2 protein chains.
Amino acid sequence: MTAAAVARLSQGGAVTSAPRSRHTEVPRAPGAAELAHARLKTLILDNALPPGAQRLESELALQLGLSRTPVREALVRLQQEGLVEITPRHGMRVQPIAAADMREIYEVLNSLEPTAAELLARRPDPAAGLERLDAACAAMEQALAAQDRRAWAAADEAFHLGLVELCGNRRLAGMVMQVWDQSHRARMFTLHQRPLPARSTAEHRRVLDAIAAGEAERARELYHRHRRRSGAELVSLIERSGVAWL
Amino acid sequence: MTAAAVARLSQGGAVTSAPRSRHTEVPRAPGAAELAHARLKTLILDNALPPGAQRLESELALQLGLSRTPVREALVRLQQEGLVEITPRHGMRVQPIAAADMREIYEVLNSLEPTAAELLARRPDPAAGLERLDAACAAMEQALAAQDRRAWAAADEAFHLGLVELCGNRRLAGMVMQVWDQSHRARMFTLHQRPLPARSTAEHRRVLDAIAAGEAERARELYHRHRRRSGAELVSLIERSGVAWL
DNA sequence: GAATTCTTTTGCGTATGCATTGTTGACGGT
DNA sequence: ACCGTCAACAATGCATACGCAAAAGAATTC
């Protein structure tokens with residue numbers, strides 16, 4: 001469910017929107033290829049196609065009620081997004097995530113997200129337009145109180161995606177969303193094995209406050225520490241859980 | 001020329017290499033689609049297809065001696081790399097680079113590259129395997145002495161690409177190479193309008209020394225300052241030069 | 001019984017055909 | 001003279017067809 005929404009967001013950001021002609025804001029027909037892309041992406045993120053799963057192009061085409069051509073195009077895109085691997089005679093394979101991958105991903109996030117926070121705080125009016133982030137924080141706090149890990153994760157995603165979308169750098173946002181998608185399954189998997197993220201919730205709020213106050217350096221540093229901690233936590237959890245993930 | 005080499009490197013890093021079977025290291029037939037991708041990419045980076053240029057799929061197919069299918073696949077990949085835009089009835093358009101784009105790109109680089117330097121310096125034996133970077137530095141110094149801007153730019157590219165390739169994070173490397181490719185033309189364009197990059201050359205050497213000494217924080221900070229300065233320089237140059245770049 | 005080679009099958013990469021859809025130009029009306 | 005409508009055309013996006021190469025299986029031999 002949430003994953004589907006994330007998928008929409010991610011590609012919504014990446015697709016960059018076709019140039020609108022005149023004043024008609026007609027959203028144009030979805031197109032079979034784009035549809036296949038979205039559909040497959042949600043299947044992967046929702047773990048309906050688990051890591052390591054292999055499907056032939058024809059299978060997928062049949063399953064989606066399309067021909068091989070748009071499916072193939074979708075697979076090419078998914079491969080560039082790092083979600084699948086196209087192997088010459090065995091169709092596509094859903095890319096598994098190992099501890100080493102999570103380390104890479106968190107190094108990237110730990111670099112880009114603090115930058116996004118800094119950029120956001122450096123805007124002319126830093127406190128403006130942060131409603132989304134505030135709402136996400138509130139949702140996290142509420143989910144924490146209700147001990148609803150699922151809802152907490154959704155709010156967490158909303159916060160991080162909202163942050164990079166607001167920072168005004170589309171490339172940075174696209175990159176963050178890409179690795180975020182790649183690590184989606186791993187986060188979901190470890191959700192129930194972690195202690196309640198009370199600390200994370202508070203840290204998010206503090207970051208938001210620093211941004212609103214325009215304290216760019218502080219926002220960056222807070223975010224850095226936050227990511228550092230939660231990233232290390234997750235990596236060690238995966239390593240300890242011994243899931244080589246195929 | 002240099003751009004062609006860059007293209008090879010970039011996709012070599014991004015493509016992630018097919019799974020090698022057994023002990024036969026046969027690189028497998030290039031494949032028409034991959035060939036089209038490489039070919040078009042070099043055309044774009046070498047400015048043979050200038051920014052804003054529009055070509056129909058059929059034109060490109062004819063020009064490359066292929067059918068539309070592999071060309072289309074190549075275009076999809078190039079679109080996701082941010083080099084072209086596929087516009088429904090007008091074929092493909094080479095993505096122009098404006099000052100705003102350069103700002104975005106340098107924000108990303110200014111975030112990721114210092115991280116790469118830090119990672120490199122944190123390795124167990126930081127001084128090992130830095131021959132490539134040392135050679136690149138030497139080439140820059142030599143080119144500077146000879147006042148050969150072309151050669152300097154090539155060495156600069158070799159340094160930055162080598163750095164991210166060595167840092168051990170393939171995702172980070174891929175992202176850096178992606179934006180690096182996007183900004184390739186802009187750098188080439190402004191090459192001859194800048195003062196001789198004496199300062200940049202020295203800064204590179206200092207960063208390399210810090211890495212070799214294992215001083216991670218210092219390496220990061222030096223790199224950050226370097227990028228900050230040269231990025232601002234380039235952006236202001238582009239803004240001043242008033243090239244809206246279509 | 002195991003290994004090697006030949007055959008068969010299967011999936012992919014590319015090409016081509018077709019229908020959909022947007023564009024462009026002209027024509028007529030105001 | 002300008003604008004709106006319409007029709008013909010052109011390019012795309014998707015479906016399908018075809019040839020090739022690899023993997024799996026069968027048969028023969030040692």
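Predicted model, so just to flag it, every value in this text is computed and none were measured. Chain A is the first sequence line, chain B the second, and so forth, proteins listed ahead of strands; every chain is numbered from 1.
The S67(A) side chain lies nearest to dA15(D) when the options are dA15(C), dG13(D), dA15(D). Among dT24(C), dA23(D), dT14(C), the nucleotide with an atom closest to any side-chain atom of H90(B) is dT24(C). The side chain of R89(B) approaches dA10(D) more closely than any other nucleotide in the set dA10(D), dG13(C), dA15(D).
R171(A) is linked by a salt bridge (Lys or Arg N to Asp or Glu O under 4.0 Å) to D101(B), E104(B), counting only residues two or more places apart in sequence or in another chain. Contacts of R39(A) classified as salt bridge (Lys or Arg N to Asp or Glu O under 4.0 Å), with partners at least two apart in sequence or in another chain: none. For R68(A), the salt bridge (Lys or Arg N to Asp or Glu O under 4.0 Å) partners at least two apart in sequence or on another chain are E57(A). Judged as a ring-ring contact (aromatic ring centres under 6.0 Å, His included), and not counting sequence neighbours, the contacts of F189(B) are W245(B). For D156(B), there are no salt bridge (Lys or Arg N to Asp or Glu O under 4.0 Å) partners two or more places apart in sequence or in a different chain.
For the pair L75(A) CG and dG13(C) P, the computed distance is 10 Å after rounding to whole Å. Whole-Å rounding puts the E73(B) CD to dT16(C) C1' distance at 17 Å.
By the 4.0 Å N-to-carboxylate-O rule, E107(B) lies close enough to R103(B) to be salt-bridged with it.
Distances shown here put a side-chain N or O of R72(B) below 4.0 Å from the OP1 or OP2 atom of dG13(D). Neither OP1 nor OP2 of dT16(D) sits under 4.0 Å from any side-chain N or O of R68(A).
Proximity of residues 53-66 of chain A to DNA chain C (heavy atom under 4.0 angstrom from any strand atom) is restricted to L56(A), E57(A).
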